[in-house]
Amino acid sequence: MCEPEEVPQQVWSTWILEAIRKIRSQKQRPSVERICHAIRQHHNYHEDVVAEHLETAVKEGAVLKVFNKGQSSYKDPGGLQSRTLRIQKGVDLTKVVTKAVRELGERDGSSLKSIEKYIRQSHTVEESAENDLKGALRMAVKRAVTRNFVIQDGKNFKYNYNQQAPGIKKKEAPKRQSGNSDDLNAQSKVRTFYLKKYFT
DNA sequence: CAATGCGCACCCG
DNA sequence: CGGGTGCGCATTG
C-alpha cells in the first residue's frame, strides 16, 4: 500500500498495463472493476481515481478500450500493433470499419475521426500520399452503410446488430424434419440476447 | 472471503 | 486449422 501522492500518468499506464496482463493471465475479462481491484492491491487509491486514470490512458492511446460481448474490455495495444494494415489502391476496409465501430461500442455511434484513431491504435498503418487511411475510410464507411453493416446517424456510425451477424449461420430455409432442431440456434439466441441487452 | 487457476465454447482470420 | 477471448466454476491462500 503506497502513497496518496501525485504520480505521472505514464506510471499509471504502466500499472494499468500490468494489471491487464495479470488479469488476462487469469483468463478473465480486464474490466474497469477488475483493473481497479488489481491496482488497489498495491496502491491506496480510490477506485474512482483509478478509473479516471484508466480513461486518460485510453485517451492517450496507452490502453485500448474494446467493446466486446456486451461489455468493455481493456487491452494492451502493444500486442496488437504487430498487425499491419496496408493501404493500397483498391483495398476494401469495409470489414475493418465495421469491426471498429462495433468494438468502439459508442452508444451514439462513432465518428470517422474516432474510427481512424481506433484503427491507428490497433494496427500499424502503412499508407502513402495517394492512398491514405482517411481516404480509404471514407470509401469504406460509405460501403458499410450501403451494405447495411453500419447505420449512419448524422456524422456518426453505429453498428447494425440486426445485420446477418457474423459467425451466426442462419439457414433461412425453415427446415424442420429432424426432431430437436433448435439446438443450433440456442447459442445465437444467447448472443443476440446480450448484444441487444447492452446495446439497445 | 479474495485471489488464482483453468476447461471449454466461441469467434475470427 | 491456429490463436485470442472470457464465462463459469473449481481450487488455493
Side-chain angles (χ1 to χ4, degrees), chain A residues 1-2 15-47 50-51 54 57-58 61-88 90-106 110 115 118-126 133 136-137 140 143-144 147-150 157 159-171 180-199:
Chain A
M1 323 312 174
C2 307
W15 290 350
I16 293 168
L17 259 10
E18 221 168 76
I20 290 174
R21 213 178 352 96
K22 178 179 180 182
I23 296 165
R24 277 299 306 142
S25 82
Q26 293 170 185
K27 296 196 187 176
Q28 292 173 354
R29 178 193 290 266
S31 59
V32 196
E33 296 77 21
R34 283 204 178 86
I35 290 172
C36 286
H37 211 126
I39 289 181
R40 285 182 74 247
Q41 292 185 242
H42 304 291
H43 312 281
N44 244 347
Y45 292 96
H46 191 295
E47 305 178 347
V50 180
L54 176 56
V58 170
V63 173
L64 249 195
K65 181 178 184 178
V66 177
F67 187 75
N68 191 29
K69 300 182 183 174
Q71 297 174 54
S72 288
S73 286
Y74 296 81
K75 309 191 183 189
D76 184 344
L80 300 182
Q81 276 170 347
S82 52
R83 292 162 113 59
T84 300
L85 188 58
R86 279 171 240 274
I87 314 299
Q88 293 168 340
V91 239
D92 183 11
L93 296 188
T94 305
K95 288 278 191 55
V96 179
V97 166
T98 304
K99 187 178 169 199
V101 169
R102 176 169 50 79
E103 293 185 340
L104 276 164
E106 302 185 290
S110 304
I115 292 172
Y118 182 80
I119 290 176
R120 285 189 188 285
Q121 284 179 151
S122 44
H123 301 75
T124 297
V125 178
E126 210 172 82
L133 179 59
L137 285 183
R143 246 172 306 184
R147 297 221 247 160
N148 237 327
F149 291 170
V150 301
F157 302 89
Y159 185 74
N160 180 10
Y161 280 96
N162 290 319
Q163 109 190 235
Q164 187 85 356
I168 301 178
K169 46 183 57 180
K170 244 210 160 168
K171 266 8 323 202
N180 68 14
S181 47
D182 74 329
D183 223 36
L184 289 187
N185 286 324
Q187 212 49 50
S188 50
K189 273 181 188 165
V190 173
R191 184 164 180 270
T192 307
F193 164 72
Y194 65 140
L195 287 180
K196 286 211 164 102
K197 170 180 173 190
Y198 285 94
F199 189 71

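Chain letters run A, B, ... following the sequence lines, proteins first, then strands; residues in each count from 1.
Regarding Ile23(A), its CD1 atom lies at a distance of 13 Å from the P atom of dG5(B), rounded to whole Å. Across the protein-nucleic acid pair, Arg24(A) atom CZ and dG4(C) atom P stand 9 Å apart, rounded to whole Å. Lys75(A) has its NZ atom 16 Å from the P atom of dG3(C), to the nearest Å. Distance Ile35(A) CD1 to dG6(C) P: 11 Å, rounded to the nearest Å. We find that CG of Leu85(A) is positioned 14 Å from C1' of dG13(B), with the value rounded to whole Å. Atom NZ in Lys27(A) sits about 12 Å away from atom P in dT5(C), given to the nearest Å. When the P atom of dC6(B) is taken as reference, atom CZ of Arg29(A) falls 21 Å away, rounded to whole Å. Atom CZ in Arg34(A) sits about 11 Å away from atom C1' in dT4(B), given to the nearest Å.
Here the CZ atom belonging to Arg143(A) is positioned 4.5 Å from the OG1 atom belonging to Thr94(A), to the nearest 0.5 angstrom. The CD atom of Gln88(A) lies 7.5 Å from the CD atom of Glu126(A); values are rounded to the nearest 0.5 Å. If you take CD on Glu103(A) and NZ on Lys99(A), they are separated by 5.0 Å, rounding to the nearest 0.5 Å. Atom OH in Tyr118(A) sits 8.5 Å away from atom NE2 in His123(A) (nearest 0.5 Å). One finds the CD1 atom of Ile87(A) at 7.0 Å from the CG atom of Leu137(A) (value rounded to the nearest 0.5 Å).
Residues from residues 90-99 of chain A that place a heavy atom under 4.0 Å from any atom of DNA chain B: there are none.
For a distance-only test at 3.5 Å, the side chain of Gln28(A) qualifies as a donor-acceptor partner of the base of dG5(B). For dG6(C), its base never sits under 3.5 Å from the side chain of Lys69(A) at any donor and acceptor pair.
For the helix from dC1(B)-dG13(C) to dG13(B)-dC1(C), the terminal axes (five pairs an end, C1' atoms, rotation from four pairs onto the next four) enclose an angle of 0°, given to 10 degrees.
In summary, Arg86(A) and Asp92(A) do not engage in a salt bridge, as defined by a charged side-chain N under 4.0 Å from a carboxylate O.
A donor-acceptor pair is defined here as one N or O able to donate and one able to accept, closer than 3.5 Å; such a pair exists between the side chain of Arg34(A) and the backbone of Arg29(A).
Nearer to the 5' terminus of DNA chain B, by closest-nucleotide assignment, is the contact made by His37(A) (compared with the other of Gln26(A) and His37(A)).
The side chain of Asn68(A) places no N or O atom within less than 4.0 Å of a non-bridging phosphate oxygen (OP1 or OP2) of dT5(C). Residue Gln41(A) has a polar side-chain atom (N or O) positioned under 4.0 Å from OP1 or OP2 of dA3(B).
Within 4.0 Å (heavy atoms only), Ser73(A) reaches sugar-phosphate atoms of the nucleic acid but no base atom.
Scanning both residues, Gly61(A) and Pro77(A), for their nearest heavy atoms gives O-CG, 3.7 Å.
Aromatic ring orientation, Trp15(A) versus Tyr45(A): tilted (interplanar angle from 30° to 60°).
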